[in-house]
Amino acid sequence: MRRGVGAGAIAKKKLAEMSKQLETFKSNLEEFASKHKQEIRKSSQFRVQFQEMCATIGVDPLASGKGFWSEMLGVGDFYYELGVQIIEVCLALKHRNGGLITLDELHQRVLKGRGKYAQDVSQDDLVRAIKKLKVMGNGFGMIPVGGSYLVQSVPAELNMDHTVVLQLAEKKGYVTVSEIKESLKWEKERACHVLDHLLKEGLAWLDSQAAGEAQYWLPALFSELTSRDVTPEEANQMTP
Amino acid sequence: MDRFSWSNGLLEIDETLVIQQRGVRLYDGDDKAKLDLGVALLSTHRLIWRDVKNHECCIAMPLSQIIFFEEQAGGIGKSAKIVVHLHPAPANKEPGPYQHSKYSFIKLSFKEHGQIEFHRRLTEEMTQKRWENTPVSQPIPTGTGPQAGRTRAVGIVGIERKIEERRKETDKNISEAKEMVELSRSIANKIKDKQGDITEDETIRFKSYLLSMGIANPVTRETHGSGTHYHMQLAKQLGDMLQAPLEERGGMMALTEVYCLVNRARGMELLSPEDLLNACKMFESLKLPLRLRVFDSGVMVVQLQSHSEEEMIASALDNVSDKGSLTAEEFAKLLGLSVLLSKERLLLAEKMGHLCRDDSVEGLRFYPNLF
């Protein structure tokens with residue numbers, strides 16, 4: 001039984017057509033790159049617009065270092081290198097914060113590590129780089145908290161309950177069982193279960209000697225508060 | 001710089017801090033201001049700057065003073081800056097560090113970077129103009145008037161035209177790319193339905209087109225995998241390059257570790273995370289002595305094939321029995337492995353029934369399984 005010649009021919013023809021279009025596209029992109037390559041590297045706003053446009057049509061310019069976008073516009077190297085820097089910062093701080101860090105702190109530390117003469121990066125750039133890192137397993141993820149994000153870099157399982165407690169702890173850097181019961185209307189067991197899990201995963205530290213009741217501190221949030229430049233008035237408001 | 005007034009730096013009731021950035025030096029026009037490095041703070045109402053050494057030295061300016069602002073790229077030995085063009089100071093302005101200035105603009109020089117975020121937030125605040133909704137107790141004079149329009153630099157027109165032109169060109173590229181995405185979809189469907197005589201070779205060619213364009217195609221991925229010739233080459237390179245590092249690290253490395261190692265070595269033309277993953281997936285079919293392995297937790301590692309599972313489990317059991325019990329951290333120290341991977345080995349040994357756990361808030365500890 002022979003397959004219809006018609007169908008076969010159409011498919012091959014389309015492939016040839018694609019090959020031709022690709023050549024045209026490639027040379028147009030080369031021209032575009034010669035004019036705008038510098039700008040992509042320097043302008044965070046341009047990067048954002050560009051990525052969003054690609055996303056709407058189903059093209060991922062960061063999928064491969066071998067892609068046209070990466071080779072000609074150089075977008076790839078910028079983000080892949082950022083990925084390396086993000087991994088290194090998270091690894092260096094993991095013993096302290098258990099693998100959870102605010103996007104702000106990550107941003108500041110990456111900037112510091114890149115040095116004075118490197119290109120500036122925005123938080124949007126970091127977010128995109130982190131999204132790419134996800135494919136390598138290892139639990140890279142982002143948890144929305146207080147208007148920004150916590151970046152998770154370990155495969156600790158964090159469900160909705162854990163996340164909402166993290167969000168509650170964001171304001172002061174710590175949380176207590178009573179606060180959870182009051183704000184979230186949970187039973188004591190549920191609150192303790194969540195806090196125990198955070199302790200086990202190394203994401204929370206227990207201060208059992210705090211006046212009143214035990215406080216569960218999140219080092220990921222804690223370090224942000226103490227390293228921030230505060231005015232005298234803000235400092236007065238923060239000390240419990 | 002004569003638009004600034006001395007301030008105590010405290011925020012008013014309805015005023016919120018938006019962003020702050022250290023390492024900022026101020027310029028009066030093109031001249032360095034007679035102030036040191038400081039912290040620049042942006043609130044919903046004002047631009048504030050405080051000397052980092054002398055906290056008493058703090059100045060502020062209402063955002064309504066700002067006509068427009070633009071980025072000035074840095075260069076070798078020069079930090080990136082934001083140039084802020086200002087309305088003339090109102091008559092009732094409170095005293096500040098400068099009585100008079102011949103310039104109608106200032107610059108913020110970002111010695112420790114952070115200009116992108118600062119610029120973004122400043123744009124947001126200048127668009128939203130939140131200070132108009134919640135005027136604060138201190139009189140914040142607005143710099144409006146017939147002068148305002150005319151002082152707008154001619155430069156803006158040029159900038160806007162460039163942005164428009166760039167947008168048009170980008171649009172053109174994107175619409176070409178879009179055509180190809182659609183074309184690629186119809187080809188992929190034909191491959192899937194086995195319509196037409198598309199050869200193995202042509203399929204490989206097609207996949208490399210997808211790779212060049214950054215088009216993902218789940219249809220072909222299921223039946224033919226994501227690998228291309230490029231990934232095959234990469235896999236072989238990795239096979240060579242990772243032998244020694246793997247042996248040094250007990251035969252196993254997390255994929256993120258491999259990513260950092262390889263890209264740091266390359267320096268340029270870096271691999272994307274997907275490139276690395278796709279290359280590693282080909283180890284087995286290329287008969288290379290490495291394997292990609294995914295643990296239950298989702299952690300991905302590259303391991304030497306010679307590193308058998310039995311050996312790993314036996315070594316875990318030996319070490320734990322020897323010491324009576326071990327946590328992942330202790331095991332990591334013993335073997336010189338990362339905590340993440342040593343934990344995976346202990347979990348594996350547990351899964352096979354050789355170890356059992358004691359899970360408490362003090363940590364996860366493993367014991368030989370005597371049951």
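All chains are named by letter (A, B, ...) in the order of the sequence lines, taking the proteins before the strands, and each is independently numbered beginning at 1.
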Evaluate side chain to side chain contact (heavy atoms under 4.5 Å, CB included) for Arg120(B) paired with Val48(A), printing each intermediate quantity in order. CA-CA 12 Å; Arg120(B) 183 172 80 82; Val48(A) 170; over 6 Å; no
Relative to chain B, which of [options] shows the most heavy atom pairs under 4.5 Å?
options	result
Glu88(A), His95(A), Glu201(A), Glu81(A)	Glu88(A)
Asp120(A), Leu206(A), Asp125(A), Leu62(A)	Asp120(A)
Gly202(A), Ser19(A), Gly99(A)	Ser19(A)
Asp60(A), Leu199(A), Asp124(A), Leu133(A)	Asp60(A)

Check whether any side-chain N or O of Glu274(B) sits under 3.5 Å from a backbone N or O of Val135(A) as a donor-acceptor pair, and report yes or no. no
Residues at least two apart in sequence or cross-chain that pass side chain to side chain donor-acceptor pair (under 3.5 Å) with Gln85(A), listed by chain then number, are Arg114(A)
Does atom CZ (Phe78(A)) have a neighbourhood of more than 12 heavy atoms from anything else shown, all under 6.0 Å? yes
Kindly check if the number of other-residue, nucleotide or ligand heavy atoms within 6.0 Å of CD (Glu124(B)) is above 12? yes
Counting only heavy atoms closer than 4.5 Å, note whether [X] contacts chain A via side chain, backbone, both or neither.
X	result
Gln21(B)	side chain
Lys111(B)	backbone
Leu364(B)	neither
Ser79(B)	neither
Ala73(B)	side chain
Arg264(B)	side chain

Which atoms of [X] come close to chain B, meaning under 4.5 Å heavy atom to heavy atom: side chain ones, backbone ones, both, or neither?
X	value
Gln108(A)	side chain
His107(A)	side chain
Ser70(A)	neither
Val121(A)	backbone
Lys94(A)	side chain

With rounding to the nearest 0.5 angstrom, report the [atom1] to [atom2] distance, [X] to [Y].
X	Y	atom1	atom2	result
Ser272(B)	Lys132(A)	OG	NZ	7.0 Å
Cys260(B)	Met136(A)	SG	CE	7.0 Å
Thr256(B)	Ile86(A)	OG1	CD1	12.5 Å

Could you report the tightest heavy-atom contact between [X] and [Y], atom names first, then the distance?
X	Y	value
Tyr80(A)	Pro273(B)	CD2-CD, 4.0 Å
Leu270(B)	Asp77(A)	N-OD1, 2.9 Å
Pro155(A)	Ser297(B)	CB-O, 3.9 Å
Leu111(A)	Gly114(B)	CD1-N, 3.9 Å

If you tally heavy-atom pairs under 4.5 Å against chain A, which of Leu277(B), Leu271(B), Val339(B), Asp275(B) wins? Asp275(B)
Within the 4.5 Å heavy-atom criterion, are Ile116(B) and Arg47(A) side-chain neighbours or not? yes
Holding to salt bridge (Lys or Arg N to Asp or Glu O under 4.0 Å), I want the full list of residues that pass it with Lys66(A), two or more places apart in sequence or in another chain. Glu71(A)
